[in-house]
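Worth knowing before you read on, the calculation uses all heavy atoms, side chains too, and leaves out hydrogens, waters and symmetry mates. Here is the naming used below: chain letters follow the sequence lines, and residue numbers restart at 1 for every chain.
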Amino acid sequence: MEKTYQPSAIETHWYETWESNGYFAPSGEGEPYCIMIPPPNVTGSLHMGHGFQESIMDALIRYHRMKGRNTLWQVGTDHAGIATQMVVERLLDADGKSRHDLGREKFIEKVWEWKEESGGNITRQLRRLGASPDWSRERFTMDEGLSKAVQEAFVRLHDDGLIYRGKRLVNWDPKLHTAISDLEVISEEKKGHLWHFRYPLADGSGHLTVATTRPETMLGDTAVAVHPDDERYQHLIGKNIKLPLTDREIPVIADDYVEMEFGTGCVKITPAHDFNDYEMGQRHQLPMINIFNDDAEINTNAPEKYQGMDRFVARKQVVADLEELGLLEKIDDHNLKVPYGDRSGVVIEPYLTNQWYVKTQPLADEAIKSVEQGDINFVPKQYENMYFSWMRDIQDWCISRQLWWGHRIPAWYDDAGNVYVGRSEQDVREKYSLAAELTLKQDDDVLDTWFSSGLWTFGTLGWPEQNDFLKTFHPSSVLVTGFDIIFFWVARMIMLTLYFKKEVPFHTVYVHGLVRDSHGQKMSKSKGNVLDPIDLIDGIDLETLVEKRTSGMQVPQLKTKIEKMTRKDFPEGIAAYGTDALRYTYYSLASTGRDINFDVGRIEGFRNFCNKLWNASNYVLMNTENEDCGQDGSQNFQLSLADRWIISRLQEAEKAVSEGMNTYRLDLASQALYDFIWKDYCDWYLELTKPVLWDDNASADIKKGTRRTLIRVLETILRLAHPMMPYITEEIWQRVKPLAAAEGDSIMLAPYPVADESKIDTQACADIEWVKGFIIGVRNIRGEMNIAPSKQLSVMLKNGEENDKRCSSEYSHFLKKLAQLDEVRWLNEGEKEPLSATALVGDLEILVPMAGLIDKDAEIARLKKESEKLEKETSRLQGKLGNAKFVDNAPAEVVEKEKTKLADAQNALGKIAEQIQKISEI
RNA sequence: AGGACCAUAGCUCAGUUGGUUAGAGCGCUACCUUGACAUGGUAGAGGUCCCCGGUUCAAAUCCGGGUGGUCCUACCA
């Protein structure tokens, strides 16, 4: 093995080996286990959130694969309608062209070209993470198979009466010229104004005052509403308003939607441009006057003066004109929520258009039931409430988008505007018995990307065709996803899957948190705090990082700020930590669904952990290669105390890690493994093998037992760790396996360790605790007394019980080596005890003679510190045990435990007091 | 406005059905290049478990109220 751990030297090599050998594909044997990847955006690149999510999935997949399950990790990408179309349009724009210059067909060709070029980016990055999906089954939502599923789903839903077309208010993006769903609208609090306008009554008897945040929409007002109980306006109900700036008259109506206390209590009603007004318009059969075009400019329904004006220009103009007419009463400051398109960033306009909808209520009812009944479980559980509350208040889903990139809606129109839905134009003609000469034109719109993603779990497996894969792997086992996508995707997947497959898409939804920066800030390009997982793996120097974070920044101040922050946070750039360390960091932070603040300090710690494992393995190999470690199956070996103890601890570690994996507590699993490897195996066990292996007098059998245990425990550790740190474990395992009599071509196909309760050796554990207590006692004296670690000491023992006598004699070789002692002996009967520093192990007193070694005051100070601690402890326990209520009410074993603690503490305290006395007397 | 989640060491986080001397990593202090490892070892320091009540023999843990933070949902034009 290389002397030092260098992740870059091993990672790509092993990945290529695994992939080219087809190890990622399902084995075809065992109980199926399946995870469907939440398809990343094909235009995208890997961010920390992906890294986190994919690492979790890979750990679960590798774990279950090693446990012998027939494991499928279905991989693929999403065509991301709007995002992808925008990227390609931007490219065209650089050449001064628009998609309309190219025309639909040519444009789509361009998109495909671009996808071929850049679409591999994210899958390449996935590979760098060590992800082990079945690449041979990679799918793309625009592929033929998925497209067929989408078409089939649309036609069936339509024929079943669950898809309809209607003219309604939608969220319109005036920049992208498409409808978007509620979920794609981000509302942000903005400072705005509340304009108060006087609307004159038509009969000349005066006016009323309305308040609005959107003056320009008054051009489309078709009523003014007041509350039916509002005494101020009773007399106005039923009268007409002469709508200023127009030649229209509109009625004053009564509706209890109006809040009397807000504004003036009079609301202008614009049914074509506001969701609430739309509903009120429906209730009162008000006309709807659309005053905008697709660009949100004033159209010809408005007075000529305003036609062609942008909405914000029109706003100013309307206000100015009303002011000139003396109708502007006042302008108040007002905070309001403004809807923005999450892709385009422009203000979204409620806009009347023809769109396709899915009737969601019947689907939602089933979807709710499946979670209520426990057919689907959320982890953590509280996300079920979020899911229910959304599902119970669900709106029909607008699924048409006015884009070119996506699944084109399988609907055709004749010249009279009749709609026919079918699998193709031919199919439509047959299905509806249409004359051959009737001209049909396909709908121009495409489907919402989430419509296709909703079919992901079964569409990727070949549906609507029935095949073995679909039968074997659907429903999938677990969906790993972020909570931000529960509505977008999870909910819709559940609805559509239940409808088409009559079964759930997955049994468990494991919801993880968001990855934030170390200060808890959301990572975003504009904040300049994004970390690229690949940079954490490969490292990046400061200048490149600054350049990367600030490139394309338009605002110079922002650029300066980001640069400053980056230089402060990463003065040395970022070191190359390797994939295994990055993955381990993710796991360590993956607790109960809460957000994680990613701190580079953590990853450094885990890089060190990898290094530790590497060096420990190096030690083990040095001592086992070309040696008899029982790899031939021979039984002539003997286990030392340390061997029996580490084997015992290994069982507990195996149990803890598996429990963590099974309950989606990867943080607990990784912690248990970390502690076992570093604290038990490296800190203690490896040290305890040295007195055996380096002892010329030790028997061949016991040396063999130690070597055998060294190598076999290491081999097990590697398998235990493999799902979390795939590369380093494979690299080492290949060297270790022959010595441990393990078989197989790759660790990823080796069996996962299972705890064997019968190997838990409580006696060995108790004895090791004794040995550790002894050693730590001596080390403590050394540390606090400033005795050089290299200085060999002679210690004497007194006051011990039988067990202390046994342990001190059986394990003296361990004590001598690890505590650097050249002699350990019991005080003889009647022998005068030399002045000593003392350590206690239960009743046993360890005496370290002070002559020439120890500063008297230092020893007194040390003992006093110890005795203060014990005094606090005793008084606490005495208080507790002196309380009759505690003694009477607490379970006997709890009381007993406290009593023992008190006795031990008092005993120790007495001995220390005695010692302080002795030393002080000199 | 309603709801969810969170608040534990300087920082990032664990802490199970109430009973631990409240833990880890990083950082900090002292000592140490001893034959796997200085990406290391040994020994330490460091906590009003956000605040106030309550339940209980016993609360970081359960309940109520507050404060602060994050997020979601719905919004009054």
Asker: In terms of relative ring orientation, are W678(A) and Y674(A) parallel, tilted or perpendicular, with 30° and 60° separating the classes?
Answerer: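 Ring orientation, 0 to 90° scale: tilted.
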Asker: Classify the side-chain pair S867(A)/K869(A) by whether it contains a donor and acceptor separated by less than 3.5 Å.
Answerer: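 No pair is found: no donor N or O on one side chain lies under 3.5 Å from an acceptor on the other.
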Asker: Looking at every strand, decide which applies to W195(A) at a 4.0 Å heavy-atom threshold: base, sugar-phosphate, or nothing.
Answerer: nothing
Asker: Please state the C1' separation for the pair rU17(B) and rA9(B) - nearest whole angstrom.
Answerer: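 Result for the C1' pair: 28 Å, nearest Å.
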Asker: With heavy atoms under 4.0 Å as the rule, sort R392(A) into base, sugar-phosphate or nothing.
Answerer: nothing
Asker: Report yes if a donor N or O on one partner sits less than 3.5 Å from an acceptor N or O on the other, where the partners are the side chain of R602(A) and the base of rU12(B); otherwise report no.
Answerer: yes
Asker: If you check every side-chain atom of V267(A), which of rA36(B), rA43(B), rA77(B) has the closest atom?
Answerer: rA77(B)
Asker: If you find the nucleotide of RNA chain B closest to G605(A) and the one closest to K690(A), which residue's nucleotide is nearer the 5' end?
Answerer: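 Going by which nucleotide is closer to the 5' end, it is G605(A).
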Asker: Which nucleotide in the list rA30(B), rA14(B), rC57(B) gets nearest to the side chain of N883(A)?
Answerer: rC57(B)
Asker: Please classify the nucleic acid contact of E687(A) as base, sugar-phosphate, or nothing, using heavy-atom distances under 4.0 Å.
Answerer: base
Asker: May I ask you to say what T212(A) touches in the nucleic acid, namely base, sugar-phosphate or nothing, with a heavy-atom cut-off under 4.0 Å?
Answerer: sugar-phosphate
Asker: Between H334(A) and F606(A), which residue's closest nucleotide on RNA chain B lies nearer the 5′ terminus?
Answerer: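 Closest to the 5' end, via its nearest nucleotide, is F606(A).
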Asker: Between rC37(B), rG41(B), rU12(B), which nucleotide has the shortest distance from any of its atoms to the side chain of L589(A)?
Answerer: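 Closest of the options to the side chain of L589(A): rU12(B).
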Asker: Counting only side-chain nitrogens and oxygens, does S591(A) get under 4.0 Å of the OP1 or OP2 atom of rA14(B)?
Answerer: yes
Asker: If you compare every side-chain N and O of H273(A) against the phosphate oxygens of rA77(B) (OP1, OP2), does one of them come in below 4.0 Å?
Answerer: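 The answer is no; no side-chain N or O of H273(A) sits under 4.0 Å from OP1 or OP2.
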Asker: Compute the centroid of each ring, for F774(A) and then for F814(A), and state whether the two points are separated by less than 6.0 Å.
Answerer: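 F774(A) vs F814(A): aromatic centres not under 6.0 Å.
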Asker: Is the centre of the F378(A) ring less than 6.0 Å from the centre of the Y383(A) ring?
Answerer: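 No, the ring of F378(A) stays outside the 6.0 Å limit from the ring of Y383(A), centre to centre.
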Asker: For R516(A) and N529(A), test the side chains for any donor-to-acceptor distance below 3.5 angstrom and give the result as yes or no.
Answerer: no
Asker: Quick one: E184(A) CD to rU73(B) P, roughly how many Å, whole number?
Answerer: 13 Å
Asker: Base, sugar-phosphate alone, or nothing: which one does E261(A) contact when heavy atoms must sit under 4.0 Å apart?
Answerer: nothing
Asker: Looking at rA24(B), rC37(B), rU39(B), which one has an atom nearest to any side-chain atom of Q671(A)?
Answerer: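 Closest nucleotide to the Q671(A) side chain: rA24(B).
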Asker: Between Y619(A) and T689(A), do the side chains contain an N or O donor and an N or O acceptor separated by less than 3.5 Å?
Answerer: yes
Asker: With sugar-phosphate meaning primed atoms plus P, OP1 and OP2, does C610(A) contact a base, only sugar-phosphate, or nothing at under 4.0 Å between heavy atoms?
Answerer: nothing
Asker: Pick the C1' atom in rG40(B) and in rC51(B), then give their distance to the nearest Å.
Answerer: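 My reading of the C1' atoms in rG40(B) and rC51(B) gives 44 Å.
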Asker: For nucleotides rG46(B) and rG41(B), find the distance between their P atoms and express it as a whole number of Å.
Answerer: 23 Å
Asker: Which part of the nucleic acid, if any, lies within reach of M622(A) when heavy atoms closer than 4.0 Å are counted: base, sugar-phosphate only, or nothing?
Answerer: sugar-phosphate
Asker: According to a strict under-4.0 Å criterion, is N780(A) in side-chain N/O contact with OP1 or OP2 of rG44(B)?
Answerer: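 Yes, N780(A) has a side-chain N/O under 4.0 Å of OP1/OP2 on rG44(B).
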Asker: Please give the distance between the C1' atoms of rU61(B) and rU70(B) as a whole number of Å.
Answerer: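 Their C1' atoms lie roughly 23 Å apart.
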Asker: Using only side-chain N and O atoms of N608(A), determine if any of them is under 4.0 Å from OP1 or OP2 of rC37(B).
Answerer: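 So the side chain of N608(A) is outside the cut-off, no N or O lying under 4.0 Å from OP1 or OP2 of rC37(B).
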Asker: Looking for any heavy atom pair under 4.0 Å, which part of the strands does E259(A) touch: base, sugar-phosphate only, or nothing?
Answerer: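 Contact class for E259(A): base.
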Asker: Reading nucleotides 16-21 of chain B from the 5' end, what letters show protein touch, with B for base, S for backbone sugar-phosphate only, - for no heavy atom under 4.0 Å?
Answerer: ---BSS
Asker: In whole Å, measure the gap between the P atoms of rA45(B) and rC50(B) for me.
Answerer: 23 Å
Asker: Under 4.0 Å, heavy atoms only, any strand: does D888(A) hit a base, just the sugar-phosphate, or nothing?
Answerer: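 It contacts nothing in the nucleic acid.
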Asker: Could you tell me which nucleotide pairs with rG25(B) by Watson-Crick or G-U wobble geometry, both distances under 3.5 Å, or answer none if nothing does?
Answerer: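 rC11(B) is the nucleotide pairing with rG25(B).
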Asker: Does rC13(B) have OP1 or OP2 sitting under 4.0 Å from an N or O in the side chain of N597(A)?
Answerer: yes
Asker: How would you label the contact of W694(A) with the nucleic acid (heavy atoms, under 4.0 Å): base, sugar-phosphate, or nothing?
Answerer: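 Base contact - W694(A) has a heavy atom under 4.0 Å of at least one base atom.
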Asker: Using the C1' atoms only, state how far rU20(B) lies from rA24(B), rounded to an integer number of Å.
Answerer: 15 Å
Asker: If the cut-off is 4.0 Å, is K3(A) near the phosphate of rC37(B), judged by side-chain N/O to OP1 or OP2?
Answerer: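 Looking at the OP1 and OP2 atoms of rC37(B), one of them is under 4.0 Å from a side-chain N or O of K3(A).
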Asker: Quick check for you: among rC31(B), rA4(B), rG40(B), whose closest atom lies nearest to any side-chain atom of Q382(A)?
Answerer: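 Nearest to the side chain of Q382(A) among the choices is rA4(B).
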Asker: Taking the minimum atom-to-atom distance to the side chain of P789(A), which one of rC32(B), rA36(B), rA77(B) wins?
Answerer: rC32(B)
Asker: Tell me what Y674(A) touches on the nucleic acid: a base, only sugar-phosphate, or nothing, going by heavy atoms under 4.0 Å.
Answerer: sugar-phosphate
Asker: Please work out if R607(A) contacts a base, only the sugar-phosphate, or nothing of the nucleic acid, heavy-atom cut-off 4.0 Å.
Answerer: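 Answer is base: heavy atoms of R607(A) come under 4.0 Å of a base.
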Asker: Compute whether any side-chain donor of one residue and acceptor of the other, for E329(A) and T209(A), lie under 3.5 angstrom apart.
Answerer: yes
Asker: For the pair made of NZ in K337(A) and P in rA1(B), what is the distance, rounded to whole Å?
Answerer: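 Taking atom P of rA1(B) as the reference, NZ of K337(A) is at 12 Å.
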Asker: State which residue, out of N662(A), D667(A), T663(A), fulfils the side chain to side chain donor-acceptor pair (under 3.5 Å) condition with R665(A).
Answerer: D667(A)
Asker: Go through the side-chain N and O atoms of D675(A) and Q671(A) and say whether any donor and acceptor fall under 3.5 Å apart.
Answerer: yes
Asker: For nucleotides rA77(B) and rU12(B), find the distance between their P atoms and express it as a whole number of Å.
Answerer: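 Nearest-Å result for rA77(B) against rU12(B) at atom P: 38 Å.
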Asker: Paired with rU70(B) by Watson-Crick or G-U wobble geometry, both distances under 3.5 Å: which nucleotide is it?
Answerer: rA4(B)
Asker: In whole angstrom, give me the gap between the P atoms of rC72(B) and rG10(B).
Answerer: 31 Å
Asker: Nearest to the side chain of K679(A), which nucleotide is it out of rG25(B), rA36(B), rA77(B)?
Answerer: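 Minimum distance to the K679(A) side chain belongs to rG25(B).
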